[in-house]
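Working notes for the structure below.
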Amino acid sequence: MRDPQVIAEKLLAWYDRHARALPWRVPPGQGPADPYRVWLSEVMLQQTTVAAVKSYFLRFTDLWPRIEDLAAAEQARVMAEWAGLGYYARARNLIACARAVSALGAFPDTRAALAELPGIGPYTSAAIAAIAFDRPETVVDGNVERVVARLFAVPTPLPAAKPELVALAGRLTPQDRPGDYAQAMMDLGATICTPRNPACGICPVNDDCLARSQGIAAELPRKSPKKPKPLRQGTVWIGWTDEAVLVETRPARGLLGGTLAFPSTGWDGSDLAPPAHADWQKAGLVRHVFTHFALDLTVMSARLDSPPGRGRLLPLRDFSADALPGLMRKAWALARPQARAGGDEL
DNA sequence: CAACCGTGGAC
DNA sequence: TGTCCAAGGTT
């Protein structure tokens with residue numbers, strides 16, 4: 001590498017002209033941004049697209065404008081608002097972090113102190129420190145990994161290449177405007193230096209890119225082969241009365257931990273018996289793909305005539321499918337016509 | 001360190 | 001339809 005600072009300057013100049021306007025973002029040169037909004041957006045954006053996050057971010061900041069408001073919220077309410085966004089440990093950690101920061105009185109302003117908070121790891125701690133506190137920390141997410149792997153033509157496959165990429169990224173990080181620079185790198189990766197068909201022709205640092213000069217930009221970064229996903233099978237039980245539906249809160253840890261759900265069996269280690277004695281009818285089959293396995297879930301539906309042995313009856317006026325994770329929304333969509341055919345008003 | 005942990009959109 | 005992927009963290 002000849003002159004890292006020249007590359008950083010080119011990226012900042014590009015960002016000044018092409019920065020995307022986002023709900024959580026402060027325009028170039030107008031930072032630093034509000035730590036609460038930076039933190040909330042960064043957690044939501046973990047492994048999640050900008051398009052998916054926008055409405056959730058607006059909803060959360062409308063409901064809870066300050067971190068103290070979020071800290072005071074009930075866990076079930078926050079989980080319901082997070083429903084559909086995925087990776088629910090983020091929501092559980094979000095609440096714990098909000099309460100910790102509230103107790104402290106303010107967000108810590110160093111990367112090391114931020115990294116001690118729940119749900120804040122190497123990436124997010126660096127991002128908050130740079131964007132909200134103007135600290136020259138090196139922010140390395142998937143975008144930065146890709147940009148750096150191409151700039152320096154790193155042939156090592158991920159995740160083994162991570163330390164090497166972090167070291168190279170560190171050499172580029174400027175002392176001035178680290179927050180804008182971090183967002184510039186991520187914007188570049190999101191809009192120009194994309195995984196497939198990178199737009200090298202309009203890239204502000206194409207003259208500095210080794211991969212491009214070697215004609216291998218689109219092939220980098222290389223990745224280790226991934227393992228196949230096994231297929232699991234199970235059953236979900238949607239029981240209802242004229243006034244209520246049978247639900248439960250899933251265990252606090254593990255898959256869909258802490259979310260509102262219909263009782264299910266046979267696929268996640270839970271009990272095999274139906275949650276209530278009833279005339280169960282098959283309503284359909286849900287196919288769902290999780291991170292590390294696929295699931296065929298048989299949806300059973302029934303009007304309940306006796307008290308359930310599992311879960312709780314939630315009054316319909318307190319129930320909304322919006323509060324369910326995606327898998328359970330799919331199941332509800334199939335069972336709902338069954339309920340209606342039974343004379344219910346669902 | 002590898003497994004675990006969601007979801008929806010793009011191609 | 002299948003595959004890849006998105007501003008990762010925790011254990």
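Convention: sequence-line order gives letters A, B, ...; per-chain numbering from 1.
- Residue A:Pro122 is classed as a sugar-phosphate contact, given heavy-atom separations below 4.0 Å to backbone atoms only.
- Using a 4.0 Å heavy-atom criterion, one finds that A:Arg287 contacts no nucleic acid atom at all.
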Below 3.5 Å is the cut-off: list the nitrogen or oxygen pairs between protein and nucleotides 9-11 of chain B, distance only.
none

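- Nearest-nucleotide assignment on DNA chain C puts the 5′-proximal partner with A:Leu22, out of A:Ala115 and A:Leu22.
- The same atom, P, is picked in C:dA6 and in B:dC5; the two are 22 Å apart, to the nearest Å.
- Atom CG in A:Leu334 sits 11.5 Å away from atom CH2 in A:Trp332 (nearest 0.5 Å).
- A:Thr124 comes within 4.0 angstrom of the backbone, heavy atoms only, and of no base.
- Note: CG (A:Leu231) to P (C:dG2) measures 11 Å, nearest angstrom.
- Judged by distance alone, the side chains of A:Thr138 and A:Arg171 never bring a donor and an acceptor atom under 3.5 Å apart.
- Within 4.0 Å of A:Arg329, counting heavy atoms only, lies no atom of the nucleic acid at all.
- As a whole-Å value, the separation of A:Leu117 CG from C:dT10 C1' is 15 Å.
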Audit row: A:Glu42, A:Ile120, side chain to side chain contact (heavy atoms under 4.5 Å, CB included) steps and yes/no: CA-CA 9 Å; A:Glu42 291 300 344; A:Ile120 299 184; over 6 Å; no

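- Classified by interplanar angle (parallel below 30°, tilted 30° to 60°, perpendicular above 60°), the ring pair A:Tyr36/A:Trp39 is tilted.
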Step-by-step ring pair (Phe, Tyr, Trp, His ring centres under 6.0 Å) determination, A:Phe290 to A:His288: CA-CA 7 Å; A:Phe290 289 101; A:His288 196 75; 4.8 Å; yes

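- A side chain to side chain contact (heavy atoms under 4.5 Å, CB included) with A:Pro221 is found for one member of A:Leu158, A:Val148, A:Thr156, A:Val147 and no other, namely A:Leu158.
- Across all strands, A:Leu94 comes closer than 4.0 Å to no nucleic acid atom at all (heavy-atom distances).
- Counting only N and O atoms by type, the side chains of A:Thr259 and A:Trp82 include no donor and acceptor under 3.5 Å apart.
- Here A:Trp24 lies in heavy-atom contact (under 4.0 Å) with a base.
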Atom pairs under 3.5 Å: protein N/O with N/O of nucleotides 5-7 of chain B:
unit_1, atom_1, unit_2, atom_2, d
B:dC5, OP1, A:Leu255, N, 3.4
B:dC5, OP2, A:His292, NE2, 2.5
B:dG6, OP1, A:Tyr88, N, 2.8
B:dG6, OP2, A:Leu256, N, 2.5
B:dG6, O4', A:Tyr87, N, 3.1
B:dG6, N7, A:Tyr87, OH, 3.4
B:dG6, N7, A:Thr291, OG1, 2.7
B:dG6, O6, A:Tyr87, OH, 3.0
B:dG6, N1, A:Gln47, O, 3.0
B:dG6, N2, A:Gln47, O, 3.1
B:dG6, N2, A:Thr48, OG1, 3.0
B:dT7, OP1, A:Tyr88, OH, 3.0
B:dT7, OP1, A:Gly326, N, 2.4
B:dT7, OP2, A:His288, NE2, 2.6

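- With rounding to whole Å, A:Arg253 atom CZ is found 19 Å from C:dG9 atom P.
- Going from atom CD of A:Glu145 over to atom C1' of C:dA6 covers 12 Å, rounded to whole Å.
- Between A:Ile120 and A:Glu42, the residue anchored nearer the 5' end of DNA chain C, judged by the nucleotide with its closest heavy atom, is A:Glu42.
- Defined by atom type and a distance below 3.5 Å, a donor-acceptor pair is missing between the side-chain atoms of A:Gln46 and A:Arg90.
- Distance CG (A:Leu45) to P (C:dG8): 8 Å, rounded to an integer number of Å.
- By the neighbour-count criterion of 12 heavy atoms within 6.0 Å, atom CG of A:Asn197 is sparsely surrounded, having that number or fewer from other residues, nucleotides or ligands.
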